[in-house]
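Below is one structure, written out as structure tokens, with a few remarks after it.
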Amino acid sequence: ARQLVGRVAELTGVDVSEEMLAEARRQVPGARFVGYDGTRLPFPDGSFDVTVAVCVLHHVAPAQRPGFVAELARVTADRCVVSVPWEPWFRLGNLGRGRNVARLGNDPEHVGWFTPGRLRRTLERSFTDVRIVRAFPWLIAEAHGPCR
């Protein structure tokens, strides 16, 4: 958000955590931050030219993920950018650093695991064109054409 504020006409951030929202408001005073569940966003269809979900999707439970992605597509006018850890490489990196060893390298709050194919399939349910970029140990997707 710090990199984008001032470069775009309007910047709106959304999070469920009031603690994270307070920190975001403190660090990026030129943006608007609102607290909402990602499956019920308070914005009209196509409200944003570009939506971004950086390090979010792997925190969304599998049962809620289709609704989350559909809602993201609903508020997207043109394109959406999504990043997630590339598994199993991300977990192996954690193990190599001695992090989360008892959980085989998995961060406790990570409830979704993505390969390039799984990320593509997840997004293609709600977007007509999905391009995956492999940026080890991350996957970055650019999704166009929200399905309405």
For the [atom1] atom of [X] and the [atom2] atom of [Y], what is their distance to the nearest 0.5 Å?
X	Y	atom1	atom2	result
Thr76	Asp49	OG1	CG	10.0 Å
Leu139	Arg134	CG	CZ	7.0 Å
Arg120	Phe114	CZ	CZ	13.5 Å
Glu109	His58	CD	NE2	7.0 Å
Arg118	Arg65	CZ	CZ	7.5 Å
Arg7	Arg2	CZ	CZ	13.0 Å

Requested in this report: Verify side-chain contact (heavy atoms from CB on, under 4.5 Å) between Val14 and Phe43, making sure each step is shown before the conclusion.
Outcome: CA-CA 11 Å; Val14 178; Phe43 309 109; 3.9 Å; yes
Do side-chain atoms of [X] reach the backbone of [Y] as a donor and acceptor pair under 3.5 angstrom?
X	Y	result
Thr12	Arg32	no
Arg125	Ala70	no
Glu18	Ala22	no
Ser126	Leu123	no
Thr39	Gly67	no
Asp15	Ser17	yes
Arg25	Phe33	yes

Query raised in the report: Among side-chain atoms of Asn100 and Asn106, is any donor-acceptor pair under 3.5 angstrom?
Result: no
**Report entry** Any donor-acceptor N or O pair under 3.5 Å, side chains Arg97, Asn94
**Finding:** yes
Same apolar cluster: [X] and [Y], side chain cutoff 4.5 Å:
X	Y	value
Val69	Val56	yes
Leu21	Leu11	yes
Leu72	Val60	yes
Val75	Tyr36	yes
Val130	Phe68	yes

Query - Ring centroid separation Phe90 to Trp138 under 6.0 Å - result: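 Yes.
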Query raised in the report: Between Glu124 and Arg121, is there a salt bridge with N-O shorter than 4.0 Å?
Result: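 Answer for the salt bridge query: no.
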Query raised in the report: Given side chains that start at C-beta, do those of Leu57 and Thr122 come closer than 4.5 Å, heavy atoms only?
Result: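 Leu57 vs Thr122: side chains touch.
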Report task. Could you tell me whether the side chain of Asp78 reaches within less than 4.5 Å of the side chain of His144, counting heavy atoms only? Result ->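 Result yes, sub-4.5 Å side-chain heavy-atom pair found.
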Report task. Let me see the working for Phe127 and Cys80 under side-chain contact (heavy atoms from CB on, under 4.5 Å), right down to the final yes or no. Result -> CA-CA 9 Å; Phe127 293 92; Cys80 177; 3.6 Å; yes
[X] to [Y] - nearest heavy-atom pair and separation:
X	Y	answer
Leu119	Ala141	CD2-CB, 3.9 Å
Glu71	Arg74	OE2-NH2, 2.7 Å
His59	Cys55	CD2-O, 3.2 Å

Query raised in the report: Should the ring pair Trp89 and Phe136 be called parallel, tilted or perpendicular, given that the plane angle runs from 0 to 90° and is split at 30 and 60?
Result: tilted
Requested in this report: List in chain and number order the residues that pass side-chain hydrogen bond (donor to acceptor under 3.5 Å, both in side chains) with Arg131, two or more places apart in sequence or in another chain; answer none if no residue qualifies.
Outcome: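 For Arg131 the side-chain hydrogen bond (donor to acceptor under 3.5 Å, both in side chains) partners, ignoring immediate neighbours, are Glu142.
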